[in-house]
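Side chains included, hydrogens not; waters and symmetry mates left out as well; all remaining heavy atoms used. Note that the numbering runs from 1 along the sequence shown for the chain.
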Amino acid sequence: MTNTNSNQQITALYCRLSQEDEQKGESNSIINQKMILQKYADDRGFKNCKFYVDDGYSGSDFNRPAFKSMMVEAENGRVNSVIVKDQSRLGRDYLQTGMLMEITFPQYDVRFIAIEDGVDSEQGVSDFSGIKNYFNDFYARDTSRKIRAVLRNKGERGERVGTTIPYGYMKCPDDPKKIVPNPETAPIVKRIFEMYSSGIGIVKICDIFVRECVTCPSVYAFQRSGSRAGNPDLSRPYSWGQNTIRKMLSNRVYVGDTVNFATYSKSNKLKKRLKNSAANIRIFENTHEAIVDRKTFDMVQKHFEGRKRPDKQGEMDKFAGYLFCAECGKRLYLHRSKNIDISKNNFMCGGYKKQTSDCTSHYIRESVIEQIVLGSIREMTAFARENSDEFYSIATQNGEAEAKVFAGRAKKESAQIQGRIKELDNIIRCLYEDRVCGRVSPERYDVMVAGYESEQSELKQMLATLDAKISEFDLREEYVRAFVDKAKSYIEMPKLTPELLRIFVRKIEVAEKAEKYSRTVGNHVNIFYTFQPPEVFSGSALVLSA
């Protein structure tokens, strides 16, 4: 395409600044670039000048708004010249930058000028321009590698490496590196978990927020900071996406954990984030104040692992994540009746249905399992209520032997882990001395230290998990007392609710009938409560699955 009527065409003055360039000082600042470009244009008589500015964009990414706008004008024949401070302002990918300079701009009859590099396409493209583009690309890759190394070390130490603050939190006023619950949005997050754990489905939660005019996270972020992350739809500020709720319900940040390296990119030129494997994800527990208690969070994850589809009224299967096959260990899934007769809803073994095991159906009606579990909870809580001292004494005695065995094993394992951590500290210290003395190259040092620090991080995580288990045994007495208190609170239990399951039940196993297809022999159901109950209360029942 050949440009016409050059007097009316644009002289594009393009400026770009990335975070890395900004750290180098004022020489690459947008203000400085504008001054250099405007002076150059005025001194040489360029007319109809127009600035295109991309502030805060990497040179390796060509998906920049001002650059794209300028290229649209160029492709439509409205740009006569493109002037930049130097070639790196146009881009740091030597393939794409070279393509622009040698093919795209000449194709649209656009004159390209890089002032400080002495490049002017009207005088021909210098062979050194390609070399310059290569070094600009090398600089971007080298900078990316260094930044990745810094973030990797921070992430291995348990520091947050994500740039986006999760909805429900805000930066700590005293320490910007830390996050604290946001008093405006944290109650909403807590309410979402409470609604879902009570059996309200995700679609129904979204509908409730629409009716109550609760601002969705993307619009809230835009209103507070101007951020357009999440593509906020300002015309529908109360429209909550189901995927938004689903991600929040599975985000461990809300129980006070830091999760690093959940996603990754293959290179600095590919911006798409990919899901990382579980082996490469680093999780650090209790790094900041939690919004949701861990028990509620774990219960929600049980629902996610089980059948998550709500019924026509938006209610979730209350047993999702609780019912298991006593023979093969697979989950039991709810099969809803296709007609309005809900009494025909039933559970069947997932291994049998998916043919992933040689198991049997373990068919049991939903109404039957509800009656059995509710009756068992009533019986157990009545015993705890009426014989609280005896219940407390027996329950604590049952756990003493188990606690002693675990404490001895945990103490030995903890000492081994702490010893290895100290050993790794000494190894890293010796490696540093070898690097300073020149016995180990910097590149070799970086590789070796990264491996040792990764092992240290895993050991510290194992130690934290072990300490948490020890604390759980230490709190056994407190758990029993809390259980008795709950039993006293829930005297009236007209029906089985998700709340009752969450408070009292940990797991339910359903065995196959002794006589298959029998109408007189029922399934054996074993109920595991939130702690081991007294022996006088077995927690098991033989029921008819009529």
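Annotation: the span from Ser441 atom OG to Asp434 atom CG amounts to 11.0 Å, rounded to 0.5 Å. Once rounded to the nearest 0.5 Å, the distance linking CZ of Arg429 with CG of Asp425 reads 6.0 Å. Asp42 CG to Lys47 NZ: the interatomic distance, rounded to the nearest 0.5 Å, is 8.5 Å. Atom CD1 in Ile205 sits 10.5 Å away from atom CZ in Arg246 (nearest 0.5 Å). Here the straight-line distance linking atom CG of Leu249 with atom CD1 of Ile202 works out to 5.5 Å at 0.5 Å rounding. Here the CZ atom belonging to Arg44 is positioned 9.5 Å from the CG atom belonging to Asp120, to the nearest 0.5 angstrom.
Using a 4.5 Å cut-off on side-chain heavy atoms (C-beta onward), Arg92 and Arg16 make contact. Side-chain contact check for Phe105 versus Val79: every heavy-atom pair is 4.5 Å or farther apart. Here the side chains of Arg282 and Glu458 are in contact, with some heavy-atom distance below 4.5 Å. Residues Phe112 and Glu122 fail the side-chain proximity criterion, which asks for heavy atoms closer than 4.5 Å. At least one side-chain heavy atom of Pro183 sits under 4.5 Å from a side-chain heavy atom of Met170. The shortest side-chain heavy-atom distance between Ile245 and Cys206 falls under the 4.5 Å cut-off. Counting heavy atoms from C-beta outward, Lys39 and Asp43 have side chains that approach closer than 4.5 Å. Side-chain contact between Val300 and Phe193 is present, with heavy atoms from C-beta onward closer than 4.5 Å.
Residue Lys295 qualifies as enclosed at atom NZ: its count of foreign heavy atoms under 6.0 Å is above 12. Within 6.0 Å of the CG atom in Asn231, the count of heavy atoms belonging to other residues, nucleotides or ligands does not exceed 12.
Residues Ala41 and Cys49 approach most closely at CB-SG, 3.7 Å, considering heavy atoms. Among all heavy-atom pairs drawn from Gln301 and Ser250, the shortest one is OE1-CA, 3.8 Å. Of all the heavy atoms in Tyr40 and Ile113, the pair that sits closest is OH-CG2, 3.6 Å. The shortest non-hydrogen separation linking Asp257 to His288 is O-CE1, 3.2 Å. What you find for Val53 and Ala66 is that their closest heavy atoms are O-CB, 3.3 Å. Contact between Gln456 and Ile421 at its shortest, heavy atoms only, is NE2-O, 3.2 Å.
Formation of a donor-acceptor pair under 3.5 Å by the Tyr52 side chain with backbone atoms of Lys68 is not found in this model. Although no hydrogens or angles enter the test, the distance criterion places no donor-acceptor pair under 3.5 Å between the side chain of Asn80 and the main chain of Thr11. Checked by atom type and distance alone, the side chain of Thr287 pairs as donor or acceptor with a backbone atom of Gly256 at under 3.5 Å. Without hydrogens or angle criteria, Tyr57 side chain to Phe67 main chain gives no donor-acceptor distance under 3.5 Å. For the pair Thr97 (side chain) and Asp93 (backbone), a donor-acceptor distance under 3.5 Å is present. Judged by distance alone, the side chain of Asp86 and the main-chain N or O of Arg89 form a donor-acceptor pair under 3.5 Å. A side-chain donor-acceptor contact under 3.5 Å links Gln9 to the backbone of Gly77.
Side-chain atoms of Tyr220 and Glu184 include a donor-acceptor pair closer than 3.5 Å. Using a 3.5 Å distance cut-off with no hydrogens or angles, the side chains of Tyr254 and Asp293 do not pair a donor with an acceptor.
Between Arg211 and Asp207 there is no salt bridge, since no side-chain nitrogen of the basic residue lies less than 4.0 Å from a carboxylate oxygen of the acidic one. For the pair Glu423 and Arg420, the salt-bridge criterion is met [side-chain N within less than 4.0 Å of a carboxylate O]. A salt bridge is defined here as a Lys NZ or Arg NE, NH1 or NH2 lying under 4.0 Å from an Asp or Glu carboxylate O, and Glu433 with Arg439 fails to meet this definition.
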Quiz prompt | Candidate pair Tyr167 and Asn251, rule side-chain hydrogen bond (donor to acceptor under 3.5 Å, both in side chains), full reasoning | solution = CA-CA 11 Å; Tyr167 180 80; Asn251 194 344; over 6 Å; no
Practice problem: In sequence, state the C-alpha distance, the side-chain angles, and the governing distance for Tyr14 and Gln33, and then conclude on side-chain hydrogen bond (donor to acceptor under 3.5 Å, both in side chains). | Solution: CA-CA 9 Å; Tyr14 181 72; Gln33 290 183 57; over 6 Å; no
Quiz item: Please walk me through it: do Asp61 and Ser58 pass side-chain hydrogen bond (donor to acceptor under 3.5 Å, both in side chains)?
Solution: CA-CA 6 Å; Asp61 181 11; Ser58 170; over 6 Å; no
Practice problem: Show your reasoning for whether side chain to side chain contact (heavy atoms under 4.5 Å, CB included) applies to Met101 and Leu90. | Solution: CA-CA 10 Å; Met101 293 174 58; Leu90 184 64; 4.2 Å; yes
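The side-chain tip of Arg64 points at the ring of Phe62 from less than 6.0 angstrom away and within 45° of straight on. Cation-pi geometry between Arg224 and Phe222 is not satisfied (NZ or CZ under 6.0 Å from the ring centre, within 45° of the ring normal). Annotation: cation-pi pair Lys34/Phe51 present, NZ/CZ under 6.0 Å from the ring centroid and within 45° of its normal.
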